[in-house]
Structure formats: C-alpha cells, structure tokens
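What follows is a short report on a single structure.
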Amino acid sequence: MAAALVSTAETATEARRAFVLRYVQPGLAGLIDGSVSTLAPIFAAAFATGHNGATFLVGLAASVGAGISMGFTEALSDDGRVTGRGQPWLRGLVCGVMTTLGGLGHTLPYAIPDTLPAGWPNPFILATSLAILVVVVELVVIAAIRTRFMATPFWRAALQVLLGGALVLAAGMLIGSA
C-alpha cells in the first residue's frame, strides 16, 4: 500500500515537472520576452511620434515579429530527446503565442484613435497611461506565474521583473524623446 502511494506521488511529481518544462517554462519565457522586449520599441515610437496610430503599428510589428522569433528560437533550441522537454514544435508554438500576447497587451491601448470627441482626454496621454497600467499588470502576472510554478518568492520575482521592465521602459522613453 505504501509503495503504491509513493509511486502515485512520484508519478504526480513527474507529471507536474513535465508540464512545467513543456508548457509553463516556454510560455513564461515568451510572456517575459513579449512583455519586456517590446516595451522599448513601442514607447520609443510613442514618444518619437506622439501618435497612437503609428505607435500601434510599431507595437503590432514588434509583437508579431518577436513571437515568430521566440517561437523559432524555442523550437530549434532543443529537440526534447536529451532534456525531456517534449515536442519542439509545441514548445515553440506556446512560446511564440505567449510572446506575441505579451507584446500585444500594451500595444492595444494605442488602437485608440488619435482624435476623440470633445470632452475626452488627450488620446495619446490616455493610450500611454493605459499601456503603462497594462505593463504593470503583465509584470505582476509574470511574478505570480514564477511564484506558482518556479518556486520563486513573489516579492523577489516581482522586484526582478519590475526592475527589468522599468529599465526597458525608461530606455524606450528616453530614446523616443531624443
């Protein structure tokens, strides 16, 4: 009886490990990359042009391009035979989709038209404020996922991703304002 319980516990532990290696880790890597690496081009475009439409197009291109790049990178980095990380095309798909979604989150506010009816706030300031709020939410979600699946204490994970995100955001704003 005890051997069966140990075997069941080991099976459950191995299943969780496989799930983390095959889905969570590639998805988390994609979400981090999409959320953080697209900040600089999106906010550089925002501050360089001051226009939502142009910023939206740059964000869309950066998000889709990063998703394709990260998807191929994950799929080609490991065929899964040595590491047991599963099918490379599936990991690549997970990573690529999550990268794209991570970048699209703070791109979507720039879909607000450059002109709004009288009485509405400045469209650029509204979109930029919403985009910054989305970035904060993305980074907190990343920290929560790292806490849940990667055994990283929440405050350490939050500090790491917020620091990285803040540095990239500042770089984009400074470059775009130059």
Inset, instruction - Would you give the length of the straight line joining atom CZ of Arg22 to atom CD of Gln87, rounded to the nearest 0.5 angstrom? - result: 8.5 Å
Inset, instruction - Step by step, work out the side chain to side chain contact (heavy atoms under 4.5 Å, CB included) result for Leu130 and Ile112. - result: CA-CA 10 Å; Leu130 288 172; Ile112 295 171; 3.8 Å; yes
Legend entry - His106 vs Leu39 side-chain heavy atoms within contact, under 4.5 Å: yes
Legend entry - From CG (Leu174) to CZ (Phe43), nearest 0.5 Å: 13.0 Å
Legend entry - Flag, side chain of Thr99 to backbone of Gly67, donor-acceptor distance under 3.5 Å: no
Legend entry - Atom pair CG (Leu133) and CD (Glu138), whose distance is rounded to the nearest 0.5 Å: 10.0 Å
Legend entry - Spacing of Thr100 atom OG1 and Leu60 atom CG [to the nearest 0.5 Å]: 9.5 Å
Inset, instruction - Kindly say whether Ile125 contributes a backbone atom to a donor-acceptor pair with the side chain of Thr128 at under 3.5 angstrom? - result: no
Inset, instruction - State plainly whether one hydrophobic cluster holds both Val58 and Leu104, where clusters connect Ile, Leu, Val, Met, Phe, Trp and Tyr through side-chain heavy atoms under 4.5 angstrom apart. - result: no
Legend entry - Result of checking Thr115, Asp114, Leu126 against Asn52 for side chain to side chain contact (heavy atoms under 4.5 Å, CB included): Asp114
Inset, instruction - Looking only at non-hydrogen atoms, find the nearest pair between Ala44 and Ile175 and report the distance. - result: CB-CG2, 4.5 Å
Legend entry - Phe149 and Phe19 aromatic ring geometry - parallel, tilted or perpendicular at 30°/60° bounds: tilted
Legend entry - Least distance between heavy atoms, Gly165 atom then Leu139 atom: CA-CD1, 4.1 Å
Legend entry - In one Ile/Leu/Val/Met/Phe/Trp/Tyr side-chain cluster, 4.5 Å: Val141, Ile32: yes
Inset, instruction - Write down the atom of Ser63, the atom of Gly103, and the distance for their closest heavy-atom approach. - result: OG-C, 2.9 Å
Inset, instruction - Verify the neighbour count for atom CZ of Phe72: are there more than 12 heavy atoms of other residues, nucleotides or ligands below 6.0 Å? - result: no
Inset, instruction - Using the rule that two of Ile, Leu, Val, Met, Phe, Trp, Tyr join whenever any of their side-chain heavy atoms come within less than 4.5 Å, decide whether Leu28 and Met70 are in one cluster. - result: no
Inset, instruction - Could you tell me which non-hydrogen atom of Arg16 sits nearest to which non-hydrogen atom of Arg148, and how far apart they are? - result: NH2-O, 3.1 Å
Inset, instruction - Show your reasoning for whether side chain to side chain contact (heavy atoms under 4.5 Å, CB included) applies to Met98 and Asp33. - result: CA-CA 9 Å; Met98 293 305 291; Asp33 187 70; over 6 Å; no
Legend entry - Nearest-0.5 Å distance, CG of residue Leu159 to CZ of residue Phe154: 11.0 Å
Inset, instruction - Identify the two heavy atoms, one from Ala111 and one from Phe56, that lie closest to each other, and give their separation to 0.1 Å. - result: N-CD1, 3.8 Å
Legend entry - Under 3.5 Å donor-acceptor, Thr147 side chain and Thr152 backbone: yes
Inset, instruction - Would you kindly confirm whether Ile142 and Val137 end up in one hydrophobic cluster when ILVMFWY residues are joined by side chain heavy atoms under 4.5 Å apart? - result: yes
Inset, instruction - Please confirm whether the backbone N or O of Asp78 pairs with a side-chain atom of Arg91, one donor and one acceptor, at under 3.5 Å? - result: yes
Legend entry - Rounded distance (nearest 0.5 Å) linking atom CG of Asn122 with atom CG of Leu116: 8.5 Å
Legend entry - Candidate pair Thr38 and Thr107, rule side chain to side chain contact (heavy atoms under 4.5 Å, CB included), full reasoning: CA-CA 9 Å; Thr38 60; Thr107 295; 5.7 Å; no
Legend entry - Val134 reachable from Val64 in the ILVMFWY side-chain graph, under 4.5 Å edges: no
Inset, instruction - Measure the acute angle between the ring planes of Phe124 and Tyr110, then classify it against the limits of 30° and 60° as parallel, tilted or perpendicular. - result: tilted
Inset, instruction - Return the minimal non-hydrogen interatomic distance between Val168 and Ala40, and the atom names on each side. - result: CG1-N, 3.6 Å
